[in-house]
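Naming: A, B, ... by sequence-line order, numbering from 1 per chain. Note that the structure is predicted; figures quoted are calculated from it, not measured.
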There are 2 protein chains.
Amino acid sequence: MRPQKVNDDELITSLSKILRTHGYEGTSLKDLSDSTGLKKASLYHRFPNGKKEMAQSVLNHTGKWVADNIFNVLNKEGETAESRLKNALLQIQKLYNGGLDSCIFRALSMQNGMDLFSDNISNGMKEWLEAFKNFGLSIHLSEHLAEEKAMQTLIDIQGSLVVSKGLQDTTIFENTLKKIEDKYI
Amino acid sequence: MRPQKVNDDELITSLSKILRTHGYEGTSLKDLSDSTGLKKASLYHRFPNGKKEMAQSVLNHTGKWVADNIFNVLNKEGETAESRLKNALLQIQKLYNGGLDSCIFRALSMQNGMDLFSDNISNGMKEWLEAFKNFGLSIHLSEHLAEEKAMQTLIDIQGSLVVSKGLQDTTIFENTLKKIEDKYI
DNA sequence: GTCTATAGCTAGATAGAC
DNA sequence: GTCTATCTAGCTATAGAC
């Protein structure tokens, strides 16, 4: 076996970057080849089902990163709610590159992408809701209020990313993260 | 001259439907031809610059509809603020088909679309902000608060559309419209 | 104004050398 | 594991008949 030119993590990172920027339909195999440095045939060797498997891998990889670096931080034992939330919001800022990068859910959720990934996207969003609901419960909000606040948080994040992109102004995203903090504490 | 098979309004409506569903990159001329009932060459006769001109026309047409049916309603002389807001929110619900349809800004704001339409999208969003700011001023909010509430309203609309689509649950969009009403009144 | 036909290109995908 | 070469299908776009 030849050595890998690019390891799995680097590969997924490049794929993620280009898919989140151009969307599923707007990303060609040539784009993916150029951005990873691997030829198309090599990409097919690593991902036999082509572009849809690459996007799927990006979804899985991102889901794991978010679980480890956001949800776990948000509900970590033995830390104050303030510090858990603050740290989680810092990780969210990192995930979206300060508002410059789009959410992978959005990038894959036009019709063609939805036909392939709707379950992943739906389940992924439910995990965000659950994580923030658990955070709400940990600060003794009622079940109902914890759910409501979690939903508003998800809407704030997604909405501020769309508006930041549209107005080309990342302060909108940053201000929204600050507001999320204020709404909880 | 032969008669038009499809008038401009019907044409734009079909183009809008398909572009908002599939996004700019995900919509092919064949899709546009199938959905409008006009052959590709006929579409080029009506829009000599092809797909980008069709999307541009959809943006312009939607912008006019929104100005006439949402912004004008929201700031109509001689009606109570409650009734203006309620009516505008009904029109917003109509624009997005109860949360089933995506926003044209979102459908055109992956990278390839942004390269072509960033100014339209940015200016369009600024008009939403201005319209809601003026509404806020009309109910005697401070300049600062009126701007802040307008931004949150835009974020709520865009965010709830993304989350509704992702979770395939339009009640999220509907509940957000109700909340917008509560936040103002 | 709409159509058929077609040009020229790029897409996704595969075969087989090294 | 990566590559070059290639296939077929689909893409955007145009020419020219009616």
Side-chain angles (χ1 to χ4, degrees), chain A residues 1-59 61 107-108 110-117, chain B residues 1-59 61 107-108 110-117:
Chain A
M1 296 203 218
R2 284 200 188 175
Q4 285 187 340
K5 268 185 72 173
V6 186
N7 71 34
D8 284 357
D9 264 10
E10 294 167 331
L11 190 47
I12 294 278
T13 300
S14 300
L15 296 174
S16 175
K17 190 87 187 172
I18 198 80
L19 280 168
R20 294 208 289 172
T21 305
H22 289 80
Y24 186 72
E25 298 84 355
T27 302
S28 69
L29 285 180
K30 178 173 188 336
D31 295 331
L32 294 166
S33 169
D34 290 347
S35 78
T36 56
L38 286 179
K39 297 296 176 187
K40 283 190 280 180
S42 305
L43 287 174
Y44 272 94
H45 178 79
R46 305 278 282 265
F47 304 95
N49 290 316
K51 190 164 76 162
K52 54 183 169 298
E53 188 177 348
M54 298 182 218
Q56 187 66 252
S57 297
V58 169
L59 275 171
H61 187 268
L108 302 182
M110 286 289 125
Q111 193 57 55
N112 298 358
M114 280 297 278
D115 292 343
L116 295 169
F117 309 115
Chain B
M1 296 202 218
R2 284 200 189 177
Q4 285 186 339
K5 268 185 71 172
V6 186
N7 71 34
D8 284 357
D9 264 10
E10 295 167 329
L11 190 47
I12 294 279
T13 300
S14 301
L15 297 174
S16 174
K17 189 88 187 170
I18 199 80
L19 280 168
R20 294 209 288 172
T21 305
H22 289 81
Y24 186 71
E25 298 85 353
T27 303
S28 70
L29 286 179
K30 179 171 187 336
D31 294 332
L32 295 165
S33 169
D34 289 347
S35 78
T36 57
L38 286 179
K39 297 295 176 186
K40 285 188 278 180
S42 305
L43 287 174
Y44 272 94
H45 178 79
R46 305 278 282 267
F47 304 95
N49 291 316
K51 190 164 78 162
K52 55 183 171 294
E53 189 177 347
M54 299 183 218
Q56 188 65 254
S57 297
V58 169
L59 274 171
H61 187 268
L108 303 182
M110 284 291 123
Q111 194 55 56
N112 297 358
M114 281 297 279
D115 292 342
L116 296 168
F117 310 116

*Describe the nucleic acid contact of B/Ser33 in one word from base, sugar-phosphate, nothing, applying a heavy-atom distance below 4.0 Å.*
nothing
*Given D/dG1, C/dG12, C/dT2, which nucleotide is nearest the side-chain atoms of A/Gln4?*
D/dG1
_Strictly distance-based, threshold 3.5 Å: is any side-chain N or O of A/Thr21 a donor or acceptor partner for the main-chain N or O of A/Lys17?_
yes
*Once you round to the nearest 0.5 Å, how far does CZ of A/Phe47 lie from CG of A/Leu32?*
9.5 Å
*Figure out the CG/C1' separation between B/Leu43 and D/dC11, and round it to whole Å.*
14 Å
*Nearest nucleotide by nearest heavy atom, which residue falls closer to the 5' end of DNA chain C, B/Ala41 or A/Lys30?*
B/Ala41
*So, does A/Glu25 use its side chain to make a donor-acceptor pair with the main chain of B/Thr27 at under 3.5 Å?*
no
*Nearest whole angstrom, please: distance from the C1' of C/dG16 to the NZ of A/Lys39.*
18 Å
*What nucleotide, of D/dA13, C/dC3, D/dT2, holds the atom closest to the side chain of B/Lys52?*
D/dA13
*How many Å lie between NZ on B/Lys40 and C1' on C/dG8, as a whole number?*
13 Å
*To the side chain of A/Tyr44, which of C/dA13, D/dT12, C/dT2 is closest?*
C/dA13
*How many Å lie between CZ on A/Phe47 and P on D/dT2, as a whole number?*
11 Å
*Whole angstrom is fine here: how far is it from CG in A/Asn7 over to P in D/dT2?*
11 Å
*Over how many whole Å does the gap from A/Asp34 atom CG to C/dG12 atom P extend?*
12 Å
*When the distance from CE of A/Met54 to C1' of C/dA11 is rounded to whole Å, what number comes out?*
13 Å
_Using only atom types and a distance under 3.5 Å, with no angle test, would you say the side chain of B/Lys52 pairs donor to acceptor with the backbone of B/Leu116?_
no
_Expected output: side-chain A/Ser16 to main-chain A/Ile12 donor-acceptor under 3.5 Å_ = no
*Report yes if a side-chain nitrogen or oxygen of A/His45 is closer than 4.0 Å to either non-bridging phosphate oxygen (OP1 or OP2) of D/dT2; otherwise report no.*
no
*To the nearest Å, how far apart are A/Leu19 CG and C/dG12 C1'?*
15 Å
*Go through C/dG12, D/dC11, C/dT2 for me and flag the one nearest to the B/Ser28 side chain.*
D/dC11
